[in-house]
*Asks:* 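Before anything else, here's the structure in question.
Just so you know, these numbers use all the heavy atoms, side chains as well, and skip hydrogens, waters and symmetry mates. Ligands are counted one by one from 1 in listed order, and the atoms in each one are counted from 1 as well.
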Amino acid sequence: MTLVCVPRSVAGPGDLAAALDNAAAARDAGAALVEWRAERLAERGGEGASVLRRLVGDGPLPCIVTLRSPEEGGASDASEEERAALLRALVGGTALPRYVDVELATFAAGGPMRDAALALCAKHDGGEPQAGGPADAPRLILSTHDFEQRPADLFQRVAAMAAEPACDVIKVAFQARSLRDALGALELLRERPRPMIALAMGPFGEASRVLAPKFGGLLTFASMSEEAATAPGQPTLEQLAEVYRFTRIGRATRVYGIVGWPVAHSLSPLLHNAGFAAAELDRCYVPLPVAPGWEPFKATMHALLDAPGLDVGGASVTIPHKSHLVRFVREMAGSVEPQAAAIDAANTLVVDDHGGLACRNTDVPAIAGALGGAEALAGRRVLVIGAGGAARAATAACAEAGATVTVTGRTAARVAGLVKDLAGTALAGETSWSVASAAADALAGERFDVVVNATPVGMEGGPAPDASPLPDGVVLDADVVVFDTVYAPRETPLVRAAMAAGARVVTGDAMFVRQAALQFEAWTGRGLPPACVSMLLGAG
Ligand code: NAP
């Protein structure tokens with residue numbers, strides 16, 4: 001079982017009580033270990049030593065003691081002699097740490113930290129230091145860190161740690177510059193020569209931290225809160241427990257995720273993981289950030305699908321990769337559902353048990369559903385604002401249902417491209433789609449039955465959070481339906497204007513949960529448990 005470890009820095013006696021309280025709270029929240037980052041205590045001589053003894057002796061959890069130099073990412077200028085003296089203060093004590101962590105380069109240099117760590121781990125008795133030792137003696141973690149990148153000599157470093165007879169646990173941590181880097185950490189775990197901790201730091205690294213149990217990692221680190229994280233990309237204890245259900249992840253867990261850029265604030269992990277848990281399915285859904293561009297997308301998808309032991313069962317795909325997914329599935333001789341092919345955008349990848357690929361677009365039926373389906377749309381006049389992926393999906397949903405769609409947007413060429421691609425399409429083989437464009441300034445005085453915002457205008461953190469995308473003079477009244485695809489916030493300036501005009505409002509979450517429910521069904525053959533939807537609407 002992979003343990004959850006909470007790191008905590010301690011600077012002096014003033015921190016002691018809060019540190020012990022924090023560790024107790026971490027234990028209650030599911031942590032099995034605490035890492036005392038204690039290098040700053042090394043500056044305080046005997047006073048620091050007595051604080052460290054209290055942390056180790058009175059702490060509510062087994063612990064790792066770590067004393068790093070500034071070059072190793074430590075927060076203190078204490079000399080190696082001072083750090084070694086602090087470690088030695090624990091030798092022969094009644095309470096001992098479970099692990100001591102020493103950086104490989106420091107250990108290999110053979111200085112005082114090496115001697116102190118070997119003495120504390122009782123590895124000096126009886127000749128050449130060896131892994132293992134007396135049952136109650138601390139175990140030695142040798143670690144290597146790179147805060148910039150995946151080191152070019154990573155395999156050599158792992159080999160050097162594996163070749164060190166005294167090493168009980170190998171730890172590797174590096175900054176991932178891509179999801180492929182992060183997958184490399186999981187690959188290291190899979191082939192571990194000894195008990196191992198391997199994790200990728202930074203925004204690309206979250207999957208490597210969450211999926212460590214699938215690959216037999218000894219532990220993963222989690223912080224008490226986002227502010228308390230000691231390394232970039234470290235999840236919180238709450239995220240591990242509540243979002244990822246970490247303790248349920250194992251070798252057989254099938255992996256899903258959201259591929260896009262950015263994905264950090266997506267609600268999809270919350271929704272799909274809750275769905276998998278409620279349906280008692282051994283699956284986990286993680287953020288899979290992939291930088292913009294076809295080449296990064298293609299290379300990452302190959303890496304994900306080919307990673308030994310990862311077992312990817314599917315993915316949600318979002319901005320800016322929806323048309324890349326269609327291209328990728330075609331290149332892989334998979335199946336592209338007709339609606340996705342028609343609008344050249346898919347948001348759902350399904351991987352069957354034999355590795356065969358299929359993609360579909362669940363935004364289209366989600367939009368149709370949010371607007372009341374074909375019955376509510378047939379024969380209606382619809383205005384779609386925007387010319388990107390969501391606008392294509394909205395246009396297809398409404399036109400396929402028999403509505404007459406007018407598309408408007410700030411970039412005439414993009415609107416024209418959308419109309420050229422979609423006007424006249426006939427998916428069902430009967431009526432062809434009625435789609436035309438209009439310049440925004442030609443719409444004054446026009447009234448539509450349905451108005452759809454398919455731009456990020458009004459979105460929190462977007463390009464114009466306080467603006468409404470509605471072209472001047474477009475009439476809103478009690479018989480108009482206004483659908484804002486933006487879901488954060490639910491009440492956008494457009495939604496407020498629609499409510500003020502007495503129009504019927506449909507908010508973006510109505511689309512979000514529908515497209516997610518259809519993805520869940522595509523992956524599992526089951527409906528998304530309704531409790532998950534209510535939980536998400538409560539969380540938004
Ligand atoms: P996209 O492909 O990047 O297209 C965005 C469209 O919005 C483009 O036509 C763009 O204009 C236009 N636009 C961007 N900034 C603008 C501004 N300041 N003023 C006017 N127009 C602007 O993105 P997308 O995938 O279509 O997504 C668009 C929005 O839909 C997202 O921001 C999201 O809020 C929403 N959405 C919601 C859901 C859901 O489940 N509720 C799902 C997907 C998307 P140009 O043509 O000039 O580039």
Side-chain angles (χ1 to χ4, degrees), residues 258-263 265-268 270-272 292-293 316-326 340 343-348 361-371 383-397 406-422 437-441 443 451-472 474 482-495 505-520 528 533 536-537 540:
I258 176 149
V259 173
W261 185 269
V263 293
H265 299 294
S266 169
L267 291 175
S268 296
L270 187 66
L271 186 67
H272 287 297
S316 311
V317 175
T318 186
I319 298 176
H321 294 305
K322 288 184 184 177
S323 55
H324 296 152
L325 178 59
V326 173
I343 64 171
D344 189 30
N347 70 337
T348 310
N361 190 309
T362 68
D363 288 337
V364 176
I367 292 170
L371 288 172
L383 176 67
V384 172
I385 309 166
R392 282 175 178 256
T395 302
T406 302
V407 184
T408 191
R410 67 174 179 183
T411 308
R414 234 182 142 196
V415 173
L418 185 162
V419 172
K420 181 169 165 286
D421 290 349
L422 301 193
S437 64
D441 54 12
L443 293 171
V451 174
V452 181
N453 172 34
T455 77
V457 174
M459 186 174 81
E460 195 179 282
D466 300 322
S468 163
L470 191 71
D472 286 343
V474 170
V482 173
F483 173 30
D484 199 336
T485 65
V486 170
Y487 63 81
R490 276 189 203 125
E491 210 174 283
T492 60
L494 173 62
V495 166
V505 167
V506 179
T507 53
D509 45 14
M511 171 183 170
F512 179 78
V513 295
R514 280 181 171 81
Q515 61 80 29
L518 290 165
Q519 293 185 325
F520 191 85
L528 188 63
V533 175
L536 181 93
L537 295 179

*Asks:* Among Asn453, Thr485, Asp484, find the one that has a side chain to side chain donor-acceptor pair (under 3.5 Å) with Thr492.
*Replies:* Asp484
*Asks:* Quick one, Leu443 and Thr408 - any side-chain contact, counting heavy atoms below 4.5 Å?
*Replies:* yes
*Asks:* Look at the aromatic rings of Tyr487 and Phe512 and report parallel, tilted or perpendicular, splitting at 30° and 60°.
*Replies:* tilted
*Asks:* Side chain to side chain contact (heavy atoms under 4.5 Å, CB included) with Val451: which of Val384, Leu470, Thr406?
*Replies:* Leu470
*Asks:* Once you restrict both partners to nitrogen or oxygen, which atoms of ligand 1 have a protein partner under 3.5 Å, and how far apart are they?
*Replies:*
residue	atom	partner	partner atom	Å
ligand 1	2 (O)	Gly389	N	3.1
ligand 1	9 (O)	Ala387	N	2.8
ligand 1	9 (O)	Gly388	N	3.4
ligand 1	11 (O)	Arg410	NE	3.2
ligand 1	26 (O)	Gly389	N	3.0
ligand 1	26 (O)	Ala390	N	2.7
ligand 1	30 (O)	Thr485	OG1	3.2
ligand 1	40 (O)	Phe512	N	3.4
ligand 1	41 (N)	Thr485	O	2.9
ligand 1	41 (N)	Gly508	O	3.0
ligand 1	46 (O)	Arg414	NH1	3.2
ligand 1	47 (O)	Arg410	NE	2.8
ligand 1	47 (O)	Thr411	OG1	2.4
ligand 1	48 (O)	Arg414	NH1	2.8

*Asks:* Does the side chain of Ser266 come within less than 4.5 Å of Thr318's, by heavy atoms?
*Replies:* no
*Asks:* Which heavy atom of Leu422 sits nearest to which heavy atom of Arg392, and what is that distance?
*Replies:* CD1-O, 3.8 Å
